[in-house]
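Throughout, protein chains are lettered first and strands after them, A, B, ... in sequence-line order, and every chain is numbered starting at 1. Because the structure is predicted, anything quoted here is derived from the model rather than measured. As a basis for the values below, the full set of heavy atoms in this structure was taken, side chains included, without hydrogen atoms, waters or symmetry mates.
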Protein chains: 2
Amino acid sequence: MSAGRLYGVGLGPGDPELLTVKAVRIIESAPVIAYFAKAGRRGNARSIVDRWIPAGACEMPLLYPVTTEIPVSDPAYNEALRTFYDEATESLAAELAAGRDVAILSEGDPLFYGSFMHLYIRLKERFAVTIIPGVTGMAGCWSAAGEAMTWGDDVMTVLPGTLSRDALAESLRRTDAAVIMKVGKNFAKIRQALRDSGHYDRAIYVERGTMAGEKIMKLSDKPDDVAPYFAIVLVSGQGRRP
Amino acid sequence: MSAGRLYGVGLGPGDPELLTVKAVRIIESAPVIAYFAKAGRRGNARSIVDRWIPAGACEMPLLYPVTTEIPVSDPAYNEALRTFYDEATESLAAELAAGRDVAILSEGDPLFYGSFMHLYIRLKERFAVTIIPGVTGMAGCWSAAGEAMTWGDDVMTVLPGTLSRDALAESLRRTDAAVIMKVGKNFAKIRQALRDSGHYDRAIYVERGTMAGEKIMKLSDKPDDVAPYFAIVLVSGQGRRP
């Protein structure tokens, strides 16, 4: 008996029609469908594929440990996640070793800031893997906003909002186009960095891009600093336009 | 009679199965399908959608002017492209004004270095537009290579290979992960910049990612500096990995 194949399946930015044809084919036929979720919740990944999963599919939710009491900087946080990924890896390995293909659902693109990557590096030397790329969350956001991001020889930089104000401002000064991810609690700092770098008036705020409840506005029109973790700020490039 | 709607349809990185479900739906139903091509050629965009276009669809190839004799820096080059985009815009506007929806095919994602953008900025105030995001060429390449690009709080920078050696090296030093586009004639310079910044041994070369003739190797294993314009170099990030 040969081992199963692991599929990392990109789901795109949230609209179920933005799965690729290949992603749908794999999800419709995979013997086991695994996905990350918080305990007691269904999870966004599972919700996105609702219309594509066959009735009676074998589903394997991977439930994140509860870490709300532990600061990210505490080694115990890292340790809790490491144990979780190690245990999830062995659950998946058991299915693969038994000859069953496993599809792991991954919001956006599997190899771009995806939790899937932590399982991937643990399994890729042991089993055959196929990655199905997906439309990134940021591409969903700039399409929804109608922001043409990069022109000609523009440089584009993707920045986590967790960086310091100075690091953000310095990176913004050195790029043509920028995407700032992980807005959430970093919102006020991101606003300051955009003012520091002179990009504030061009910045666009996108929340839940391509999904129900989508909000798109100029950042300068957003009256408060309240944003979900996955909200994004876009600064489009101004390069060559014949 | 109401005017038609313009669709900018992302086709993904080249594998026809990497179109989104939404892109296929629009292509199967759009009264007019427009795409860029060189005179005498079918064009890569049109080839990617071969299996999805209905027989008898109304196709509108937009043929780039021949500019091989004109250097990119010559104002005549810009002028030739401007005239071409202006004329293409009027052809599309005539269809839209006559009430027909038009889908413009765009390799990768429509708003990420896409020729579509030159038509989009000319038409978006005159007609209703919907953008269908696509899997970018770079995501197709890193998935094909199995390169997990960005971890935790990694910064990722997208750099055109047309930049100077010093500008490339400086940007590489300041980022965690990098994608270098437009390799082609810039290959030798890109190699030098990667050596300057200390990323040479980690760099991955990808040619025709997700397509027939795909080539993936460590950059240091590539014996020559011969590459097509659309080849890509990847440097993956090394961020937080519990």
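With chain B as partner, the option from Thr130(A), Thr162(A), Ile132(A) having the largest number of non-hydrogen pairs under 4.5 angstrom is Thr162(A). For chain B, the option among Asp86(A), Val129(A), Asp154(A) with the highest count of heavy-atom pairs below 4.5 Å is Asp154(A). Ranked by heavy-atom pairs under 4.5 Å with chain B, the first of Ser236(A), Ala177(A), Pro110(A), Gly134(A) is Gly134(A). Put simply, of Thr150(A), Ile131(A), Leu81(A), the one with the most heavy-atom pairs under 4.5 Å next to chain B is Thr150(A). Between chain B and the options Arg174(A), Glu170(A), Arg82(A), Glu147(A), heavy-atom pairs under 4.5 Å are most frequent for Arg174(A).
For residues 136-144 of chain B, a heavy-atom distance under 4.5 Å to chain A picks out Met138(B), Ala139(B), Gly140(B), Trp142(B), Ser143(B), given by residue number. For a heavy-atom cut-off of 4.5 Å, chain B lies close to Met117(A), His118(A), Tyr120(A), Ile121(A), Arg122(A) in residues 117-125 of chain A.
Both the backbone and the side chain of Arg241(A) come within contact range of chain B, with heavy atoms under 4.5 Å apart. Neither the backbone nor the side chain of Glu79(A) has a heavy atom closer than 4.5 Å to any heavy atom of chain B. Of the atoms belonging to Val24(A), it is side-chain heavy atoms, and not backbone ones, that fall under 4.5 Å from chain B. For Tyr85(A), the part sitting under 4.5 Å from any heavy atom of chain B is the side chain, from C-beta outward, and nothing else. Proximity to chain B (any heavy atom under 4.5 Å) is shown, for Asn78(A), by both the backbone and the side chain. Neither the backbone nor the side chain of Asp176(A) has a heavy atom closer than 4.5 Å to any heavy atom of chain B.
The structure places CG of Asp15(A) at 8.5 Å from OG1 of Thr20(B), a figure rounded to the nearest 0.5 Å. Taken to the nearest 0.5 Å, the CE atom of Met149(A) stands 9.5 Å off from the OH atom of Tyr113(B). To the nearest 0.5 angstrom, Leu159(A) atom CG is 8.5 Å from Thr175(B) atom OG1.
Residue-environment remark: CZ (Phe187(A)) exceeds the threshold of 12 foreign heavy atoms within 6.0 Å.
Across every non-hydrogen atom of Val135(B) and Pro133(A), the tightest pair is CG1-CB, 3.7 Å. Listed here is the closest heavy atom pair of Lys182(A) and Asp153(B): NZ-OD1, 3.1 Å.
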Verdict with reasoning, Leu163(B) to Val155(A), per side chain to side chain contact (heavy atoms under 4.5 Å, CB included): CA-CA 9 Å; Leu163(B) 294 176; Val155(A) 171; 3.8 Å; yes
